[in-house]
There are 2 protein chains.
Amino acid sequence: MARVVKKAPVSVSPEPTFQGEETNRRSELVRAAGRLFREKGYSATTIRDIADAVNMRSGSPFYHFKSKQDILRTVALDGIATIHAAVAKPAASNKAPRARFEAMLTAHLNVLLGDEGRDIAATLLHESRHLDAEAQDEVIRLKDAYEGLWQAVLKELKTDGALTDDSALTRLFLMGAMNWTTQWYRHDGGRSPRQIARQLAKLLLRD
Amino acid sequence: MARVVKKAPVSVSPEPTFQGEETNRRSELVRAAGRLFREKGYSATTIRDIADAVNMRSGSPFYHFKSKQDILRTVALDGIATIHAAVAKPAASNKAPRARFEAMLTAHLNVLLGDEGRDIAATLLHESRHLDAEAQDEVIRLKDAYEGLWQAVLKELKTDGALTDDSALTRLFLMGAMNWTTQWYRHDGGRSPRQIARQLAKLLLRD
DNA sequence: TAGTCAAGCAAGCACTTGCTTGGTAAGATC
DNA sequence: GATCTTACCAAGCAAGTGCTTGCTTGACTA
């Protein structure tokens, strides 16, 4: 209600067509959906919520996506691709394992906690179960590939003697410690992702 | 459908009143709700799902609970009380800090991953945001009290020299590593909570 | 100038949702 | 034996739910 006057009888300019800003309307939907999925969860978020957030009517998102699940799929795949890309960069650097490890931690946490990626990352981590089986398989495949980056650096750290155990269990503990930050991190609080990464490295590695 | 014959015209015994089994119908609802909340999430679980699971009609749970949220509140508070009680016991033992720590890890993981508590624990960890503000505050209060148990043992471990940093950050990493197990633990897999606890202790503590 | 197309809107359909209401059968209590 | 209480059920209401349909409009194109 009070949303749109059906036909503004006097208005001359027929809507300023707010150009520039952001090209793609579809990606606006994805961003809005990501934020809402993080804030309220997939099931509690309605198509109407998403449409409202980008100033559409409730039927219009279905021009861009064939279903609500399709939106979720897009957000989740977007999320893991973002994390992977962010971490692959420091992982490919030629720093010493320890410094490389810390840079990877920082990259992962920057996505999870930063304004850019935290919506899609949280959606990926907490709402993937609402995907259909096929999409879930795809997420798992990409996640396994991503964790391969970590397994590799853990192995090097063991070779270096900074780590005594580079088993899958160690990797899972590491993922847990990192991904759980979304549950307690406060954006107004003092600690930066960088500092958190450093502390985590210090906890896990011995010198 | 095919659920209950309205009035069995010939049946003599008017329903065997399946005694014994489990006293309280209300707690059956809580258990069923916990399982469903873990499997599908709070929002995706309907009152009809919960009622079906204990063979009631969809209006009947409202005799025991005043709203769907009230069920969630009960499950969540039940969850944290269960974890707290399970960990408080080893925490109060007079073992050496290191052994005590490992016993606490085991206790926490036994609740999270065991058949008894994993439903309510998962609900607590992942669905608390759907509580109203008041209930959320109560959960946070209890959670802070619970984490106090951990902060205390971390402090002792530092005194003992097994840990270099007993800050809140260390505790949060620890909670993350533990609570994230629910995301990957397989009940058919080889590792027991006990073994996982031991490995985690080995990763965090130095000898 | 007519035709095409991308990007939406208005309306609404079929269904689901949490929850309420009036009733009722079996015990417990007086 | 009359009343009260417990624990439900049958029915349904009002508000949503995902999604579809037919249409419009402004920008481009032949």
Side-chain angles (χ1 to χ4, degrees), chain A residues 1-8 11-19 21-30 32-33 36-37 40-74 130-132, chain B residues 1-9 11-19 21-30 32-33 36-37 40-74 127 130-132:
Chain A
M1 46 216 66
R3 172 154 299 286
V4 154
V5 182
K6 261 187 178 167
K7 249 179 188 176
S11 155
V12 181
S13 68
E15 192 85 25
T17 56
F18 44 127
Q19 32 144 198
E21 283 235 54
E22 286 291 336
T23 44
N24 204 343
R25 219 68 212 299
R26 180 190 149 104
S27 71
E28 280 183 57
L29 280 169
V30 172
L36 289 162
F37 290 162
K40 329 197 324 177
Y42 173 74
S43 299
T45 300
T46 70
I47 287 290
R48 284 163 178 82
D49 291 335
I50 299 171
D52 275 4
V54 300
N55 252 303
M56 281 182 186
R57 311 306 132 186
S58 69
S60 302
F62 294 97
Y63 173 77
H64 300 277
F65 298 92
K66 70 183 219 293
S67 66
K68 186 188 172 189
Q69 269 220 32
D70 193 29
I71 302 181
L72 176 60
R73 205 178 61 93
T74 305
H130 297 289
L131 292 166
D132 56 58
Chain B
M1 45 218 65
R3 176 156 294 290
V4 155
V5 182
K6 260 182 177 175
K7 248 181 191 178
S11 152
V12 181
S13 67
E15 192 86 28
T17 54
F18 46 126
Q19 34 147 194
E21 284 235 48
E22 286 291 337
T23 43
N24 204 342
R25 218 68 212 297
R26 181 189 149 104
S27 72
E28 279 183 57
L29 280 170
V30 172
L36 289 163
F37 290 163
K40 330 196 328 175
Y42 174 74
S43 298
T45 299
T46 70
I47 287 290
R48 284 163 178 82
D49 292 335
I50 300 171
D52 275 4
V54 300
N55 254 301
M56 280 182 186
R57 314 305 130 182
S58 70
S60 302
F62 294 98
Y63 172 78
H64 299 278
F65 297 93
K66 70 184 219 294
S67 68
K68 186 187 172 190
Q69 269 220 31
D70 192 28
I71 303 181
L72 176 61
R73 205 178 61 94
T74 305
E127 310 299 327
H130 297 289
L131 292 166
D132 57 57

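Here the structure is a predicted model, which means the values were calculated and not measured. Labels below follow one simple rule: chain letters A, B, ... track the order of the sequence lines, proteins then strands, and each chain is numbered from 1.
For B:Arg25 and D:dT6, the CZ to P distance is 17 Å, given to the nearest whole Å. One interatomic measurement links the two molecules: CZ of B:Arg57 to P of D:dC8, which rounds to 11 Å at whole-angstrom precision. Taking atom CE of residue B:Met56 and atom C1' of nucleotide D:dA10, one finds them 15 Å apart after rounding to whole Å. Atoms CZ (A:Phe62) and P (D:dG22) sit 17 Å apart, rounded to a whole Å. Distance B:Asp70 CG to C:dG18 P: 14 Å, rounded to the nearest Å. Rounded to an integer number of Å, the gap from CD1 of B:Ile47 to P of D:dG16 is 17 Å. Summarising the geometry, the separation between CD1 on B:Ile71 and C1' on C:dT17 is reported as 14 Å, rounded to the nearest angstrom. Between the CD1 atom of B:Ile50 and the C1' atom of C:dT17 there is a distance of 12 Å, given to the nearest Å.
Counting any heavy atom pair closer than 4.0 Å across all strands shown, B:Thr45 reaches sugar-phosphate atoms only and no base atom. Residue B:Thr46 is in sugar-phosphate contact alone, with no base atom involved, counting any heavy-atom pair closer than 4.0 Å across all strands shown.
The side chain of B:Ser58 lies closest to D:dG12 when the candidates are D:dG12, D:dA7, C:dT20. Distance from the side chain of A:Lys68 is smallest to D:dG18 among D:dA10, C:dA6, D:dG18. Here the nucleotide nearest the side chain of B:Tyr63, chosen from C:dA7, D:dT6, C:dC9, is D:dT6.
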*asked:* Apply side chain to side chain contact (heavy atoms under 4.5 Å, CB included) to residues A:Asn24 and A:Val30 and explain how you reach the verdict.
replied: CA-CA 10 Å; A:Asn24 204 343; A:Val30 172; over 6 Å; no
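Residue B:His64 has a polar side-chain atom (N or O) positioned under 4.0 Å from OP1 or OP2 of D:dC8. Using a 4.0 Å cut-off, some side-chain N or O of B:Ser60 falls inside it from OP1 or OP2 of D:dC9. Contact check, A:Arg48 against D:dT17: no side-chain N or O comes under 4.0 Å of OP1 or OP2.
To the nearest 0.5 Å, atoms CG (A:Leu131) and CG (A:Leu72) are separated by 4.0 Å. Annotation: the span from A:Asp70 atom CG to A:His64 atom NE2 amounts to 12.5 Å, rounded to 0.5 Å.
If you find the closest nucleotide of DNA chain D to B:Gly59 and to B:Arg26, the one lying nearer the 5' end belongs to B:Arg26. Between A:Lys66 and A:Asp49, it is A:Asp49 whose nearest contact on DNA chain D lies nearer the 5' terminus.
A donor atom on one side chain and an acceptor atom on the other are found under 3.5 Å apart for B:Thr46 and B:Asp49.
Inter-residue side-chain proximity for A:Leu29 and A:Ile71 is flagged as unmet; no heavy-atom pair is nearer than 4.5 Å.
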